[in-house]
Amino acid sequence: MRWSNLFIPTLREAPAEADAINHRLLLRGGFMRQLQSGHYSMLPLGWRVHEKIGEVIRQEMNAIGGQEFLLPAMHQASLWQQSGRWESMGDEMFRLTDRKGADLALGMTHEEVFATLSLELASYRDLPQIWYQIQWKFRDEPRPKAGLLRVREFAMKDSYSFDIDDAGLDASFDRHHDAYQAIFSRLDLDAIPVQASSGAMGGSASVEFMVASPAGEDDVVQCSGCDYAANVERATAALAPVANRPGSNAPEPIPTPGIRTIKALAEAGHPPEHQIKTLVYRVDGSLVLILLRGDHAFLEQKFVDATGAIEMAPAEADEIRSALGASPGSLGAVGVSDLTIYADPGLEGRSGMTTGANEDDVHLAGIDIARDIAVDRWLDMRGIAEGEACSSCGGTLTVTRCIEAGHIFKLGRRYSEAMGVSVLDAEGESRVPTMGSYGIGVGRAMAAIVETHHDDAGMIWPMCVAPFEVVLTVVKVDHEDSMAVAEKAHDDLVAAGIDVILDDRDGRPGVKFADSELVGIPLRVTIGPRGIDNGMLELTVRATGDQEDVPVDDLVERVTELVHEGRAVRL
RNA sequence: CGGGCUGUGGCGCAGCUUGGUUAGCGCGUCGGUCUGGGGGACCGAAGGUCGGAGGUUCAAAUCCUCUCAGCCCGACCA
């Protein structure tokens with residue numbers, strides 16, 4: 001390939017709307033362009049990387065016995081109605097109507113379609129199966145952001161396992177776990193497997209593969225003393241005991257004019273750990289009270305996971321007032337009996353607490369939770385903070401911002417049952433296969449690589465996914481000897497199966513060096529009169545800046561050697 | 001959906017507060033000359049319904065109203 005013939009529109013400055021590093025660099029490097037929010041066009045360089053990432057994924061999926069399919073992106077409504085997700089997916093699913101008036105959806109995932117295909121599985125002898133595809137998914141994200149990290153249209157490798165029993169599912173799950181570690185390792189992504197919430201897809205065991213990056217959207221709790229790692233959405237910690245303050249025989253009203261916040265109340269002599277935080281939420285139509293210790297954060301996802309709530313949102317000020325008679329800032333659960341009260345275990349056994357009195361500008365002190373509050377259900381729903389103690393080893397927990405690069409979980413029989421899948425077992429009994437579901441976003445992996453592999457000059461691609469493995473930079477294109485050497489090296493490298501690009505543009509060397517670094521090609525060979533005269537060429541490693549002089553005659557061999565080494569690297 | 005912000009040649013910006021000639025600047029692009037190992041210099045040129053609609057006014061990029069789009073922070077997910 002010759003650079004002069006390719007469409008590689010590099011930009012010196014990133015467009016103002018690009019903020020995330022992957023977004024800025026992929027735009028500047030001419031890898032992609034934004035069509036609209038959450039939808040990106042892949043340009044030749046970007047598509048080459050995308051395809052190479054897909055290829056790594058394919059190889060590892062095939063290695064665990066996966067079989068590649070390609071399913072439709074557009075599905076009839078009835079398919080999703082059968083699983084119940086036509087309703088439960090809500091606004092996240094793109095829906096449209098065809099000319100006959102039939103309802104259609106653009107697939108967000110493909111459990112239903114694969115399960116439909118699995119109707120043709122007839123016997124336990126047909127199991128297990130691992131089926132996968134790399135197909136476009138559509139999700140009407142409320143807020144696309146951070147370049148390729150969160151988009152509305154993206155390629156995902158999704159695979160589905162079908163097993164006769166739980167032991168089989170465990171094995172398929174473990175195979176995927178291994179395959180994912182292999183994939184991320186080859187992509188040079190340091191992905192940590194963490195316990196996760198299974199979210200909208202439903203299921204039991206759920207593991208996310210997380211790559212530390214400030215551009216991410218998830219917080220991962222990790223223990224410094226053992227291998228405990230979990231998404232904050234389901235992380236737990238050992239709570240340091242707090243000595244109760246002296247109580248009283250009954251709640252004591254105290255005037256708190258103008259005090260609306262935990263912080264203000266703390267300044268008035270009631271430390272946060274001795275306060276009860278009272279939140280009012282509307283959950284599937286009903287108001288509920290949610291109680292936590294004053295210094296603990298509420299994590300909605302934990303609540304949703306534990307209660308199975310479909311819709312939840314903070315209650316509006318007016319409905320709070322009509323239910324409790326006060327505004328946020330003075331709310332409490334003492335004496336409340338008509339609303340369901342959820343409390344976090346951090347409050348269990350506590351007394352001498354302060355909380356709102358459900359009367360503006362008044363709080364209650366000396367609260368004994370067991371005595372004064374009619375808790376309906378105790379639920380762990382607090383967010384873990386940096387520095388807390390690990391509940392299994394007592395070590396210190398850290399919280400790290402991460403990109404969710406992959407997610408695997410056990411679905412169970414929910415979909416196979418809904419779609420009417422069954423096979424006969426060895427005894428001739430009808431059995432519903434159990435499923436697993438496993439996803440990796442291809443574009444997101446690409447973004448994650450850029451987020452973790454760049455420097456001031458640009459991207460630094462791992463060899464196995466680089467758009468090109470080596471660039472031959474001709475310093476002076478009208479120097480005939482240079483071009484002759486470059487063209488021969490190019491042809492020989494092509495013959496050796498190396499992805500090589502010949503930068504034959506008639507431009508300033510500085511521009512060509514800068515472009516090759518921005519685009520992130522792992523190896524650069526600089527070809528110019530200075531070196532040619534000595535029979536030497538300069539080989540530069542993008543990642544390290546290391547340079548070595550290579551005799552012209554040894555170039556192809558040396559480059560081939562380095563490329564093969566690079567391709568084989570695993571983290 | 002709540003909060004904050006931005007739309008002016010391909011990219012980055014100025015101009016807007018206080019309306020007033022032909023809307024500027026840098027980069028990029030095109031032609032040319034000289035150059036040639038880190039975004040070079042000079043000469044010449046092309047390219048803009050100032051996001052859109054409506055309004056105020058003798059006059060609107062600038063003021064008003066509506067609207068569309070994009071970005072960031074929160075609630076949701078590969």
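Just so we're on the same page: letters track the sequence lines, and every chain starts at 1. A quick note: this is a predicted structure, and the numbers were derived from the prediction, not measured.
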Ignoring hydrogens and angles, does a donor from either the side chain of A:E517 or the base of B:G38 sit under 3.5 Å from an acceptor on the other?
-> yes
Does a nitrogen or oxygen in the side chain of A:Q301 sit under 4.0 Å from OP1 or OP2 of B:A75?
-> no
When we call it a touch if two heavy atoms are under 4.0 Å apart, what does A:P509 touch: a base, just sugar-phosphate, or nothing?
-> sugar-phosphate
Taking the side chain of A:V475 as its heavy atoms from C-beta onward, which of B:C71, B:G38, B:G36 lies nearest to it?
-> B:G36
Should A:R48 and A:E51 count as an ion pair when the cut-off is N to O under 4.0 Å?
-> no
Could you check how far CG of A:L27 sits from C1' of B:G28, rounded to whole Å?
-> 16 Å
Name the nucleic acid region contacted by A:A18, choosing base, sugar-phosphate or nothing; use a 4.0 angstrom heavy-atom cut-off, strictly under.
-> nothing
Any A:R143 side-chain nitrogen or oxygen under 4.0 Å from OP1 or OP2 of B:G70 | no
Donor-acceptor pair under 3.5 Å, A:Q36 side chain vs B:G70 base = no
Describe the nucleic acid contact of A:A155 in one word from base, sugar-phosphate, nothing, applying a heavy-atom distance below 4.0 Å.
-> nothing
For A:G443, report the nucleic acid contact type (base, sugar-phosphate, nothing); a contact means any heavy atom under 4.0 Å.
-> nothing
Carboxylate-amine/guanidinium proximity below 4.0 Å for A:E517 and A:R524 = yes
Determine the contact category for A:A14: base if any of its heavy atoms lies under 4.0 Å from a base atom, sugar-phosphate if only primed atoms, P, OP1 or OP2 are that close, otherwise nothing.
-> sugar-phosphate
NA contact type, A:G528, heavy-atom cut-off 4.0 Å: base, sugar-phosphate, or nothing?
-> base
Any idea which of B:C71, B:C76, B:G12 is nearest the A:E217 side chain?
-> B:C76
Counting side-chain heavy atoms from C-beta on, which of B:C71, B:A78, B:U35 comes nearest to A:R508?
-> B:U35
Any idea which of B:C76, B:G37, B:A78 is nearest the A:E300 side chain?
-> B:C76
Whole-Å gap separating P (B:C76) and CG (A:L299) = 8 Å
Whole-Å distance, A:F209 CZ to B:C77 C1', equals 17 Å
Contact class for A:R524 vs. all strands (heavy atom < 4.0 Å): base, sugar-phosphate, or nothing?
-> base
Looking only at side-chain atoms of A:K145, point me to the closest of B:C77, B:C73, B:G36.
-> B:C73
Of all the heavy-atom pairs spanning A:G528 and A:V475, show the shortest one and how long it is.
-> CA-CB, 4.0 Å
Please give, in whole Å, the distance from B:G36 C1' to A:D504 CG?
-> 16 Å
Heavy-atom closest contact (A:A385 atom, A:V399 atom, distance) | C-CG2, 3.9 Å
Inter-nucleotide P distance (B:C25, B:G44), Å rounded = 14 Å
Ignoring backbone atoms, establish whether A:S37 has a side-chain N or O less than 4.0 Å from OP1 or OP2 of B:A69.
-> no
Tell whether A:D515 reaches the base of B:G38 with its side chain through a donor-acceptor pair below 3.5 angstrom.
-> no
Looking at the side chain of A:Q34, which of B:G12, B:C76, B:G70 is the nearest nucleotide?
-> B:G70
Do A:F513 and the base of B:G37 stack face to face, with centres under 5.5 Å apart and an angle between planes under 30°?
-> no
Under 3.5 Å, is there a donor-acceptor pair between the side chain of A:K277 and the main chain of A:I262?
-> no
Looking at B:G37, B:G12, B:A78, which one has an atom nearest to any side-chain atom of A:E141?
-> B:A78
Between B:G70, B:C77, B:G36, which nucleotide has the shortest distance from any of its atoms to the side chain of A:E17?
-> B:G70
Compare the minimum distances between each of B:C71, B:A78, B:G36 and the side chain of A:D478, then state the nucleotide with the smallest one.
-> B:G36
Fit a plane to each ring of A:F298 and A:Y281, take the angle between them on a 0 to 90° scale, and name the class: parallel (under 30°), tilted (30 to 60°) or perpendicular (over 60°).
-> perpendicular
Side chain to side chain donor-acceptor pair (under 3.5 Å) test vs A:K302 passes for just one of A:D380, A:D344, A:T236, A:T307, namely A:D380
Residue A:R139, side-chain heavy atoms: nucleotide from B:C13, B:C71, B:A78 that is nearest | B:A78
Under 3.5 Å on both distances, the Watson-Crick or G-U partner of B:G74 = B:C1
Who does B:C42 pair with, Watson-Crick or G-U, both distances under 3.5 Å?
-> B:G32
Nearest nucleotide by nearest heavy atom, which residue falls closer to the 5' end of RNA chain B, A:G531 or A:F154?
-> A:G531
Say you pick atom P in B:G4 and the same atom in B:U17; how far apart are they, in whole Å?
-> 23 Å
Name the nucleic acid region contacted by A:E92, choosing base, sugar-phosphate or nothing; use a 4.0 angstrom heavy-atom cut-off, strictly under.
-> sugar-phosphate
B:C25: pairing nucleotide in any strand, Watson-Crick or G-U under 3.5 angstrom = B:G12
May I ask which nucleotide in the shown strands pairs with B:G20, Watson-Crick or G-U wobble, both distances under 3.5 Å?
-> B:C58
Would you call A:D549-A:R558 a salt bridge at under 4.0 Å N-O?
-> no
